[in-house]
Amino acid sequence: MATAVDTVRARIAAACAAVGRDPDEVTLIAVTKRFPTSDAALLLELGVPDLGESRDQEAKVKAADLPQARWHFVGQLQTNKARSVARYAAAVHSVDRVDVVRALADGARRAQRGPLAVFVQVSLDDDPRRAGVDLDAVAALAGDVAAESALKLHGVMAVAPMDVDPAVAFARLAEASAAVMATHPQAGAISAGMSGDLDAAIAAGATHVRIGTALLGSRGPAVG
Ligand SMILES: *Cc1c(COP(=O)(O)O)cnc(C)c1O
């Protein structure tokens, strides 16, 4: 795994160099979903303190075992899980509905751990079944997050659609980021880029890349 971490760090450095960015601006989040806690512990030892998970049921167990990690929740979030997620997450990347905003704020107040960082997830295609808020609704939802004192609006997040050139998709996300920053200048974070497209994401300004496969290998199928 040490080699994989080095390889991913080198990819991030090369992608930054190609566009004149400082690699220190990019946070590597290792997505450990469907891998055991022992792998997450190894990543921490290898100097990757930011870990990502996509299901509360799995994440809360790992977070209890490894409270020293910074846990990023990146999966679709239901309101009935929001209170649980607020107990261990440092950041939630997948907020796309106002009822989730309210539930997370409620959870963060109860958890008394200080403001919870939130990314508004943006949909980069026109498929309403997919996660994320449409581009024309991003600014309003960002305002809803910013209005909650228990939350801290951090920026925007997206997953590039399969059938779209990632450079085109991430350019749209950069536009959404600019629209949010017009009203919320502190909310400049951009969570974008996975194993297959981290280079395009960094070229488009990503500050947080979410990497699973390139660090840990291929996952088994999702269960449950
Ligand atoms: C699983 C997942 C990732 C990691 O994807 P890889 O292609 O394995 O790097 C990133 N972001 C989200 C939202 C995920 O669910």
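Whatever order the structure lists ligands and atoms in, that order sets their numbers, starting from 1. Note that the structure is predicted; figures quoted are calculated from it, not measured.
- Around the CD atom of E25, the shell of radius 6.0 Å holds more than 12 heavy atoms that belong to other residues, nucleotides or ligands.
- Within 6.0 Å of CD in E58 there are more than 12 heavy atoms belonging to other residues, nucleotides or ligands.
- Protein neighbours of ligand 1 below 4.0 Å, counting non-hydrogen atoms: V31, K33, V74, M157, M194, S195, R210, I211, G212, T213, R219.
- Between R102 and D106 there is no salt bridge, since no side-chain nitrogen of the basic residue lies less than 4.0 Å from a carboxylate oxygen of the acidic one.
- Atom CD of Q57 has 12 or fewer heavy atoms from other residues, nucleotides or ligands within 6.0 Å.
- R113 places a side-chain N or O within 3.5 Å of a backbone atom of A86 that can act as its donor or acceptor partner.
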Requested in this report: Any chance you could lay out the ring-ring contact (aromatic ring centres under 6.0 Å, His included) test for H208 and F119, step after step, and finish with the verdict?
Outcome: CA-CA 11 Å; H208 293 68; F119 294 76; 5.3 Å; yes
